[in-house]
K.L.:
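Following this message is one structure expressed as structure tokens.
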Amino acid sequence: MSKLIRGIRGFKDISPDEAFRHRYAEDRTREHFARFGYREVRLPLVESTELFARGIGEATDIVDKEMYTFPDRNGVSLTLRPEGTASAVRAYLEGNWKAPSGVTKIFYTGPMFRYERPQKGRYRQFYQIGLEAIGGPGPLVDIEVIDLLHLLFVGLGVNDVKILVNSLGCPACRPAFRDDLVDYIKAAAGKLCSNCLRRIETNPMRVLDCKVPTCREALEGAPVILGYLCSDCDDHFSRVTAGLTGLGVPYEVDPKIVRGLDYYNRTAFEAVCDRLGAQNAVAAGGRYDGLAREIGGDAYGIGFAIGLERLTLVMDWKSAELPVVDYYVAAATQRARIPALGLADVLRGKGYLVEADLEDRSLKAQLRSANRAGALRVLIIGDDELRDETVQVKDFSTGQQQTVGRDSFLKELQALKTG
RNA sequence: GUGAGCAUAGCUCAGUUGGUUAGAGCGCUGGACUGUGGCUCCAGAGGUCGAGGGUUCGAAUCCCUCUGUUCACCCCA
């Protein structure tokens with residue numbers, strides 16, 4: 001036998017049990033989005049590399065070292081999408097999807113690709129469901145989007161997720177903050193870890209959420225973005241937080257949250273859960289008023305994406321309904337094998353989940369199998385039943401069994417269905 | 001890209017200072033019960049001990065290399 005060909009690192013197979021949870025989480029999320037008027041769009045998995053380079057930012061880690069980029073047969077550089085927002089905005093501009101109301105509400109779901117080392121809650125192909133509200137400058141849009149996210153967790157019964165919000169300012173007010181922050185960090189450089197020293201150059205805002213205790217201590221008096229907001233940004237943020245409070249959305253203002261993508265401005269938010277390990281964000285997003293301009297258009301926008309794998313890790317599955325085997329059809333004799341499969345087909349035609357033995361096993365083995373599968377009822381057919389046109393109906397919870405005419409059994413089913 | 005841990009039956013894992021036929025629980029198959037599940041008892045099948053090399057009389061065990069995987073760093077959903 002030749003060697004088993006294995007899957008690629010970071011590209012996980014999703015087992016039936018996991019797929020069931022993904023499907024459930026995704027369906028519930030879709031329904032929730034739809035109630036807020038969001039409509040699904042289906043976007044390509046592949047875009048021109050330029051879209052992400054310009055939209056997300058050349059200097060970001062995603063673009064710099066995490067993209068799956070390759071030339072197509074004509075030598076054009078293509079990239080497997082690492083996130084959905086750039087594609088969504090591109091499609092909005094290209095298709096002129098401007099809604100009469102002024103805010104276009106769309107959502108997407110599907111795989112994203114990033115070349116990273118896999119770890120808990122992080123894969124090279126991972127699944128997101130995200131939405132974008134394009135066209136409105138806020139802050140009412142911001143409020144509704146965060147409210148929507150909060151209510152989604154409530155609806156899913158997830159209660160240990162915290163929503164953190166912050167404002168990243170805008171191109172008018174962020175530079176002053178950044179300069180002061182860099183000055184402060186440089187003054188405190190002696191107490192910082194090597195990672196933070198490197199971040200002074202690469203991404204100074206990241207120094208603020210370093211996990212090293214000595215760094216945290218050294219940064220206690222560091223400048224806070226919220227103190228630098230221009231009057232427009234400050235007003236925007238005040239209205240967002242007041243709106244969330246007014247709607248009863250629990251949130252925490254966390255000046256340390258930062259976005260890894262260049263296009264974000266003003267409102268930024270994350271939903272975090274400490275049961276997720278190091279990758280604690282189950283959903284994240286923010287406002288991106290500059291993105292459209294970067295890719296040749298013009299539009300306000302805000303959105304977020306939920307990591308489906310992470311969402312399923314956070315959800316409580318104890319009470320989830322698993323598929324139930326309604327009937328197991330057992331053949332007591334060889335002659336009854338095909339009639340048993342035929343009866344199973346009739347029941348499936350009426351909408352029941354029906355299992356039957358496919359391995360020529362003994363009646364005892366079939367019943368054991370039915371029991372393991374959690375079947376509610378078993379139908380048994382043997383030579384006697386074939387001759388008399390009957391079927392043995394056994395209720396597995398009580399163990400009671402009775403002989404019923406085949407036709408009247410099926411008629412009874414019909415009555416139950418319509419009743 | 002960096003670091004640490006792990007890799008033994010379908011699954012979860014034991015396996016002593018290196019020692020002869022590598023074990024358990026669960027699961028699977030059959031029987032006790034000629035056509036009846038769960039509980040019990042009995043029997044059975046199932047393993048190139050991740051791969052390759054080395055040390056040794058002898059390696060699942062010690063050493064090296066590789067691969068896979070997990071967690072963490074980085075970063076992010």
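We use all heavy atoms of the structure for the numbers below, so side chains are in, but hydrogens, waters and symmetry mates are not. Here is how names work: the chains are called A, B, and so on, in the same order as the sequence lines, proteins then strands, and each is numbered from 1.
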K.L.:
Measuring from the side chain of A:Asn371 (C-beta onward, heavy atoms only), which nucleotide among B:rU36, B:rG37, B:rC75 has the closest atom?
P.N.:
B:rG37
K.L.:
Taking the basic N atoms (NZ, or NE/NH1/NH2) and the acidic carboxylate oxygens, is any pair closer than 4.0 Å for A:Arg239 and A:Asp142?
P.N.:
no
K.L.:
Check whether any side-chain N or O of A:Lys394 sits under 4.0 Å from OP1 or OP2 of B:rU36, and answer yes or no.
P.N.:
no
K.L.:
Can you tell me how far P in B:rC73 sits from the matching atom in B:rG52, rounded to whole Å?
P.N.:
35 Å
K.L.:
B:rG35, B:rU36, B:rA77: which one has an atom nearest the side-chain heavy atoms of A:Glu309?
P.N.:
B:rA77
K.L.:
Hey, is A:Arg337 close enough to A:Asp357 for a salt bridge, meaning N to O under 4.0 Å?
P.N.:
yes
K.L.:
Hey, is the side chain of A:Arg368 poking within less than 4.0 Å of OP1 or OP2 on B:rG30, counting only N and O atoms?
P.N.:
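The answer is yes; a side-chain N or O of A:Arg368 sits under 4.0 Å from OP1 or OP2.
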K.L.:
If you only use heavy atoms from C-beta on, which nucleotide in B:rC74, B:rU36, B:rU2 is closest to the side chain of A:Arg117?
P.N.:
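The listed nucleotide nearest to A:Arg117's side chain is B:rU2.
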K.L.:
Using OP1 and OP2 only, check whether a side-chain N or O of A:Gln119 sits under 4.0 Å from B:rC71.
P.N.:
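Checking A:Gln119 against B:rC71: no side-chain N or O falls below 4.0 Å of OP1 or OP2.
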K.L.:
Roughly how far apart, to the nearest Å, are B:rG5 and B:rU48 at atom C1'?
P.N.:
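Between the two C1' atoms, the distance is 26 Å.
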K.L.:
Can you tell me the distance, in whole Å, between the CG atom of A:Asp360 and the P atom of B:rC28?
P.N.:
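So the two atoms are 19 Å apart, to the nearest Å.
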K.L.:
Think A:Arg372 has a side-chain N or O under 4.0 angstrom from the OP1 or OP2 of B:rC28?
P.N.:
yes
K.L.:
Is there a side-chain contact between A:Arg117 and A:Arg9 in this structure, where contact means two heavy atoms from C-beta onward sitting under 4.5 Å apart?
P.N.:
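Heavy-atom side-chain distance check passes, below 4.5 Å.
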K.L.:
Can you tell me if the side-chain N/O atoms of A:Arg361 get under 4.0 Å from OP1 or OP2 in B:rU29?
P.N.:
yes
K.L.:
Checking all strands, does A:Tyr328 fall into the base, sugar-phosphate, or nothing category for heavy-atom contacts under 4.0 angstrom?
P.N.:
nothing
K.L.:
Nearest whole Å is fine: how far is B:rU36 P from A:Asp384 CG?
P.N.:
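From A:Asp384 CG to B:rU36 P: 12 Å.
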K.L.:
So for A:Glu385 and B:rG35, does any side-chain atom that can act as donor or acceptor lie under 3.5 Å from a complementary atom in the base?
P.N.:
yes
K.L.:
Output the rounded distance in Å from CG (A:Asp357) to C1' (B:rU36).
P.N.:
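Rounding to the nearest Å, CG of A:Asp357 and C1' of B:rU36 are 14 Å apart.
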K.L.:
Assess whether side chain to side chain donor-acceptor pair (under 3.5 Å) is satisfied between A:Glu132 and A:Thr85, documenting all intermediate values.
P.N.:
CA-CA 7 Å; A:Glu132 312 292 347; A:Thr85 299; 2.8 Å; yes
K.L.:
Can you tell me which nucleotide in B:rC75, B:rA72, B:rU36 comes closest to the side chain of A:Gln401?
P.N.:
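The closest nucleotide is B:rU36.
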K.L.:
To the side chain of A:Phe396, which of B:rG37, B:rA77, B:rU36 is closest?
P.N.:
B:rG37
K.L.:
Can you identify which nucleotide, out of B:rA77, B:rA72, B:rU70, has its nearest atom closest to the A:Lys12 side chain?
P.N.:
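The answer is B:rU70, which lies nearest to the side chain.
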K.L.:
If pairs are Watson-Crick or G-U with both distances under 3.5 Å, what is the dot-bracket string of RNA chain B, marking crossing pairs with [ ] and pairs to another strand with |?
P.N.:
(((((((..((((.....[...)))).(((((.......))))).....(((((..]....))))))))))))....
K.L.:
Assign A:Ala365 to base, sugar-phosphate, or nothing according to its heavy-atom contacts below 4.0 angstrom with the strands shown.
P.N.:
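Here A:Ala365 touches the backbone only, sparing every base.
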K.L.:
Rounding to the closest angstrom, what is the interatomic distance between B:rA59 and B:rG1 at atom C1'?
P.N.:
35 Å
K.L.:
At 4.0 Å (heavy atoms only), tell me whether A:Lys120 reaches a base, stays on the sugar-phosphate, or touches nothing.
P.N.:
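A:Lys120: backbone/sugar contact only, no base atoms under 4.0 Å.
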K.L.:
May I ask you to verify if any side-chain N or O of A:Ser362 is less than 4.0 angstrom from the OP1 or OP2 atom of B:rG30?
P.N.:
yes
K.L.:
Rounded to whole Å, how long is the line connecting atom CE of A:Met315 with atom P of B:rA77?
P.N.:
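From A:Met315 CE to B:rA77 P: 21 Å.
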K.L.:
CZ of A:Arg81 versus P of B:rA77: gap in Å, rounded?
P.N.:
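My rounded result for the distance is 14 Å.
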K.L.:
Between A:Arg377 and A:Asp395, is the closest basic N to carboxylate O distance under 4.0 Å?
P.N.:
no
K.L.:
Among B:rU70, B:rC74, B:rG68, which nucleotide sits nearest the side chain of A:Arg9?
P.N.:
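Side chain of A:Arg9 sits closest to B:rG68.
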K.L.:
Take atom P in B:rU16 and the same atom in B:rA22, then report the distance between them in whole Å.
P.N.:
15 Å
K.L.:
So do A:Tyr127 and A:Thr109 actually touch side chain to side chain, heavy atoms under 4.5 Å?
P.N.:
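No, side chains not in contact.
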K.L.:
With a non-hydrogen cut-off below 4.0 angstrom, is A:Ala370 in contact with a base, only sugar-phosphate, or nothing?
P.N.:
nothing
K.L.:
Please state how far atom CD in A:Gln366 lies from atom P in B:rC28, giving the value in whole angstrom units.
P.N.:
15 Å
K.L.:
Would you say the rings of A:Tyr38 and A:Phe107 are close, in the sense that their centroids are separated by under 6.0 Å?
P.N.:
no
K.L.:
Is there a donor-acceptor pair under 3.5 Å between the side chain of A:Thr104 and the backbone N or O of A:Trp97?
P.N.:
yes
K.L.:
With A:Asp72, which residues qualify under salt bridge (Lys or Arg N to Asp or Glu O under 4.0 Å), at least two apart?
P.N.:
none
K.L.:
Please determine whether a side-chain nitrogen of the Lys or Arg among A:Asp183 and A:Lys186 lies less than 4.0 Å from a carboxylate oxygen of the Asp or Glu.
P.N.:
no
K.L.:
So what does A:Gln392 hit on the nucleic acid, given a heavy-atom distance under 4.0 Å: a base, only sugar-phosphate, or nothing?
P.N.:
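Result for A:Gln392 = base.
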K.L.:
How do A:Gly7 and A:Leu261 order along RNA chain B: which one's closest nucleotide is nearer the 5' end?
P.N.:
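Comparing both residues, the 5'-ward one is A:Gly7.
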K.L.:
C1' atom, B:rU8 versus B:rA24: distance in rounded Å?
P.N.:
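After rounding to an integer number of Å, I get 13 Å for this pair.
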K.L.:
Check every strand shown and say whether A:Gly277 touches a base, only sugar-phosphate, or nothing at a heavy-atom separation below 4.0 Å.
P.N.:
sugar-phosphate
K.L.:
In whole Å, what is the span from the CG atom of A:Leu311 to the P atom of B:rA77?
P.N.:
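These atoms are roughly 15 Å apart.
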K.L.:
Test your reading of the model: is there a side-chain donor-acceptor pair from A:Gln366 to the backbone of A:Ala331, 3.5 Å cut-off?
P.N.:
yes
K.L.:
Hey, which sits more toward the 5' end of RNA chain B by its nearest nucleotide, A:Gly10 or A:Leu276?
P.N.:
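Closest to the 5' end, via its nearest nucleotide, is A:Gly10.
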K.L.:
Please measure how far the P atom in B:rG54 lies from the corresponding atom in B:rU61, and state the result in whole Å.
P.N.:
14 Å
K.L.:
Would you say the base of B:rC75 and the side-chain of A:Arg114 have a donor-acceptor pair closer than 3.5 Å?
P.N.:
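By the distance-only test, no, there is no pair.
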K.L.:
A:Asp64 has an atom CG; how far is it from atom P of B:rC74, in whole Å?
P.N.:
17 Å
K.L.:
Between B:rC49 and B:rA60, how far apart are the two C1' atoms, rounded to whole Å?
P.N.:
5 Å
K.L.:
Between B:rG46 and B:rA9, how many Å separate the two P atoms, rounded to a whole number?
P.N.:
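Those two atoms are separated by 15 Å.
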K.L.:
Give A:Gly285 one of three labels, base, sugar-phosphate or nothing, depending on what nucleic acid heavy atoms sit under 4.0 Å from its own.
P.N.:
nothing
